[in-house]
Amino acid sequence: MKKSIVENLNFSQAEAVLCIEKPLIIFAGAGTGKTRVITHKIAYLLSLGISPCSILAVTFTNKAAIEMKKRVIDLVPKTGSNVWISTFHSFCSYFLRTEALKIGVPSDFSIYNFADQKCVLKDCFKELNIDENKFVVSNIADRISRAKDDLRSPVNMTTKFNTENTLFANTVAEIYELYQKKMKNAGSLDFGDLIMQTVLAFQMYPILLDYYQGKYKYIMVDEYQDTNYAQYVLVKLLAAKYHNICVCGDDDQSIYSWRGADVNNILSFEKDYPNSRSIKLEQNYRSTPKILSVAYQVVKHNTARVDKRLWTQNCDDGCVKVLRTRNENDEALKIAKLIYLDVYSGKYNFSDFAIFYRTNAQSRVFEDAFRRICIPYTLIGTLKFYDRAEIKDIVAYLKFIHNQNDNVSFKRIINVPRRGVGKTSLEKLEKFSLMKNISMWQTIIFAREAGLTEKVIVALNSFVKFIRVSIELKNNASVREVVEKVIAHSGYVQELEIENLHESKIKIENIQELISAVKDFEKTSLDKSLMGYLTQVSLISDIDSADESKNKVTLMTLHLAKGLEFNNVFICGLEEGLFPIIRETTICNKRELEEERRLMYVGMTRAKKRLYLCWSLERTIYGKTKWSAPSRFILEAGFKDEIMYIKQNFSMNLNRKFSAINMGTGFNKKFPSATEVKYNIFDDYHHSYIALNDKTKDELVSTTGASIVKILCKFKIGAMVTHPIFGRGKIIEKSGIGNDLKLTVLFEDGQWKKLLARVANLTLI
DNA sequence: TAGCCCGGCGTTTTT
DNA sequence: CGCCGGGCTA
């Protein structure tokens, strides 16, 4: 039995599969058969007679979880299906619902996504009288999410625990606190809460922890480099009894640190578990030696990494090439033609090709070009099904029928379709609900007291009636029936039918698609309740995997490419400022640059046969055309000749008086003055030149735009300044560049001012 | 209440 | 260049 399980594995893989009674870390490079190892390991455990219920495997994506589950069931048909394999979030939501009574969360909590969070935050801003121009909602949403990733409470965010940026920290903490209160009132948890509340529950209730520690004797975590602090603590707590923990990941593929993931979790595993074993998987089964070598040349420029080098027995039949083009249209067209020729000569299928880019905005030219040449393509990630307004509306109805305290959903649907309940009525209602500390739904009966007009009250009452009937239906009928009734009787589709635009027809089609998604859910899911459906919808969000079988070219961002593979990969927009992407505030941040480089590494290692590195001499972004320099990644990959084109274009541009250049000045900013441009072009060139001839790591890191930082970023975010009139303050925000550089300064009296740096007469202190 | 216009702003986004 | 949101007006 044992033999058959490791039979088809290489030595390291087999070692990893067989090592089960101690902490194990598997450094699994790209394409080294990591999922294979985990699934075989589970099969091995089961073959030893270990109960499937004592095995827990967590991943980050539903796709990975589903894939893993499928492969385990393939290996061990019956018992395999009883192993708990899921994402962190669905594990936690299952735990929280199951133990809700013991830990004091409502068992029927709603799950709020990022958009819902922002709605709640907007209300918080209003209530606290905070100007949205001074604090950006999504920025605060991010901060609160990061706080939860770090298991920090609102109090923990205040100056008591932070020395820097006093007023700012306190304001964030204040918003965070109110936000939590509103979430609690709405009976809702956000993604961060799911993890954090689980950890808190385990920390607070040792008996509960003890039970789950005993239950899950074998724990496996995939993509460990992507865990945040909360997830790290969660895993550590669960594994504390038996230490039979197996994590696997690749620090070179850590590309989500901006979302709270901490590479150090994987780097310090051996310190956390002193008696652990470490196994490296370095044999790659995906790419050609050339691709691996070039990818390694790039990633080895990073300093903070575990040394490892992929090798392969694959034959060297592909190629790695640089594709230089005139502008982004040229880039798209040239690539389209290459694909066209390969497909029509019978060499490849459309599905053998993938286009990767750094920003979603880059996809458009490809769509145009592909449409023109009649190349079928699939665009991944831009407009997700559940992000469409019409789908969100219908789902909001369902969420509201499930939980009437869900104020976000209430506000979304109360006037969709139009019922004549407008902004002012809603504001009155909201004000009253805050005063009474009840949900907006509960406020409806006080509508007259709240000062609403008779007309509005009538409209509200018919809405109430509709919801009541729907709740009744929910308790007695299937989800499908509820959805169908909501769609038929809310008046939503009728309004679209009356509009009768092309757009509204598409919306109706999408709504039909939602019904079939619900039918699907009822076929496949164990928990067939409305809550079960809503949980699934909240935690899944993409249904695009269905298209995989189709013969189409794939277009996606580099972030979405992780875990996938294609025969032919085009990495596009490889230009300084675009990839690596540069913002004025982080232009020389080494950590972020290294993450960009890992992103490049991820992109490159997706290719099985051929890899094209594409860059454009000129690119139009947001209606402004700029000249570009080739990405340092192209040079690092060994294509040093490309530097000649910088030279040529610099002298060319000099003669043209530098109409513009892409030099990493942010996006929709005005062109810098001629002198600035001149300076920066020379500087860019100079530094690149140095990088090539005297390439120490540090110099490469600061290759581009270093002097821009000197000129324009004298005023850094967080720096203290004094103003002749307003006094001492801290820079909390920046916009514009050069002569248009504007600084938002938070002064000690609590006032914010947006000041033009050129004239504000600020002094750094 | 709702529709229109203007201005600001635009990296990535597993759940 | 386009999108979204806030504010103003019919």
Side-chain angles (χ1 to χ4, degrees), chain A residues 58-66 86-93 111-115 117-118 122 131-133 136-138 141-142 145 148-149 189-195 222-223 225-228 230-231 253-261 356-362 364-365 380-382 384 386-387 389 415 418-427 453 455-456 459 535-542 556-564 573 577-583 585-586 592 595-596 598-599 602-603 620-625 664 666-669 735-736 742 754:
Chain A
V58 280
T59 65
F60 279 83
T61 66
N62 291 296
K63 204 177 163 191
I66 291 165
S86 79
T87 63
F88 270 101
H89 290 85
S90 52
F91 171 75
C92 290
S93 65
I111 298 172
Y112 274 12
N113 62 24
F114 191 64
Q117 281 183 57
K118 286 195 284 190
K122 277 187 185 167
D131 186 346
E132 281 191 32
N133 296 316
V136 183
V137 171
S138 60
D142 265 343
S145 298
K148 290 177 181 176
D149 292 344
L189 299 180
D190 62 29
F191 291 140
D193 287 326
L194 292 176
I195 313 287
D222 193 12
E223 306 280 15
Q225 78 281 354
D226 288 336
T227 49
N228 59 39
Q231 289 159 336
Q253 293 186 65
S254 163
I255 54 173
Y256 283 107
S257 77
W258 51 276
R259 282 185 59 157
F356 300 155
Y357 35 80
R358 181 64 236 263
T359 66
N360 280 311
Q362 286 165 258
R364 246 173 88 164
V365 276
I380 308 233
T382 33
K384 285 181 200 146
Y386 287 98
D387 278 344
N415 205 31
R418 274 183 282 276
R419 297 186 173 86
V421 184
K423 214 169 60 180
T424 36
S425 301
L426 215 57
E427 253 162 33
T453 62
K455 217 172 117 192
V456 174
T535 303
Q536 202 206 44
V537 166
S538 309
L539 297 180
I540 280 194
S541 86
D542 63 329
M556 64 171 112
T557 63
L558 284 137
H559 280 90
L560 293 177
K562 194 164 77 166
L564 306 177
L578 183 59
F579 189 27
I581 205 157
I582 291 169
R583 287 175 307 170
T585 51
T586 56
E592 291 189 17
E595 183 147 316
E596 292 290 305
R598 291 193 292 270
L599 193 57
V602 167
T620 305
I621 302 175
Y622 305 135
K624 303 269 192 254
T625 304
F667 285 90
N668 185 31
K669 310 304 174 197
S735 61
K742 293 182 200 85
K754 197 165 188 173

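What you see is a predicted model, and the numbers here were worked out from it, not measured in a lab. Lettering of chains follows the sequences in order, A, B, ..., and the numbering in each one begins at 1.
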Just the rounded figure in Å: distance from [atom2] of [N] to [atom1] of [X].
X	N	atom1	atom2	value
A/Phe356	B/dT13	CZ	P	13 Å
A/Phe114	B/dT13	CZ	P	13 Å
A/Asp387	C/dC3	CG	C1'	15 Å
A/Leu578	B/dT12	CG	P	10 Å
A/Tyr256	B/dT13	OH	P	7 Å
A/Lys122	C/dC4	NZ	P	12 Å
A/Leu194	B/dT15	CG	C1'	8 Å
A/Ile255	B/dT13	CD1	P	9 Å

Report summary line: Note: for A/Glu132 and A/Arg364 on DNA chain C, the residue whose nearest nucleotide lies more 5' is A/Arg364
Query - Contact nearer the 5' end of DNA chain B, comparing A/Val456 with A/Arg259 - result: A/Val456
Report summary line: Judged by nearest nucleotide, the residue sitting upstream toward the 5' end of DNA chain B, A/Asp142 or A/Leu426, is A/Leu426
Write out a two-atom table: protein N or O, nucleotide N or O from nucleotides 2-8 of chain B, distance below 3.5 Å.
unit_1	atom_1	unit_2	atom_2	d
B/dA2	OP2	A/Asn415	ND2	3.2

**Report entry** Stacking of A/Phe191 on B/dT15 base (centres under 5.5 Å, planes under 30°)
**Finding:** yes
Query raised in the report: Can A/Phe88 be said to stack with the base of B/dT15, given centres closer than 5.5 angstrom and planes under 30 degrees apart?
Result: no
Below the 4.0 Å mark, does [N] have OP1 or OP2 next to a side-chain nitrogen or oxygen of [X]?
X	N	result
A/Asn360	B/dT12	yes
A/Thr557	B/dT13	yes
A/Thr620	C/dC1	no
A/Tyr622	B/dT11	yes
A/Asn113	B/dT15	no

With [X] via side-chain hydrogen bond (donor to acceptor under 3.5 Å, both in side chains) - residues at least two apart:
X	result
A/Ser93	none
A/Thr557	none
A/Asp190	A/Lys148, A/Tyr179
A/Thr87	A/Ser90

Report task. Determine, stepwise, if the pair A/Leu558 / A/Ile255 fulfils side chain to side chain contact (heavy atoms under 4.5 Å, CB included). Result -> CA-CA 10 Å; A/Leu558 284 137; A/Ile255 54 173; over 6 Å; no
Query raised in the report: Could A/Lys122 and A/Glu132 be called an ion pair, given the rule that one side-chain N must be under 4.0 Å from one carboxylate O?
Result: no
Requested in this report: Mind checking A/Leu560 for me? I need base, sugar-phosphate or nothing, with any heavy atom below 4.0 Å counting as a touch.
Outcome: sugar-phosphate
Query raised in the report: Under 4.0 angstrom, heavy atoms only, what part of the nucleic acid is A/Ser425 near: base, sugar-phosphate, or nothing?
Result: sugar-phosphate
Query raised in the report: Checking side chain to side chain contact (heavy atoms under 4.5 Å, CB included) for the pair A/Phe60/A/Thr227: CA distance, chi angles, key distance, verdict?
Result: CA-CA 9 Å; A/Phe60 279 83; A/Thr227 49; 3.7 Å; yes
**Report entry** In B/dT11, glycosidic geometry as syn within 90° of 0 or anti otherwise
**Finding:** syn
Report task. Can you sort out the partners of A/Tyr357 under ring pair (Phe, Tyr, Trp, His ring centres under 6.0 Å), two or more places apart, ordered by chain and number? Result -> none
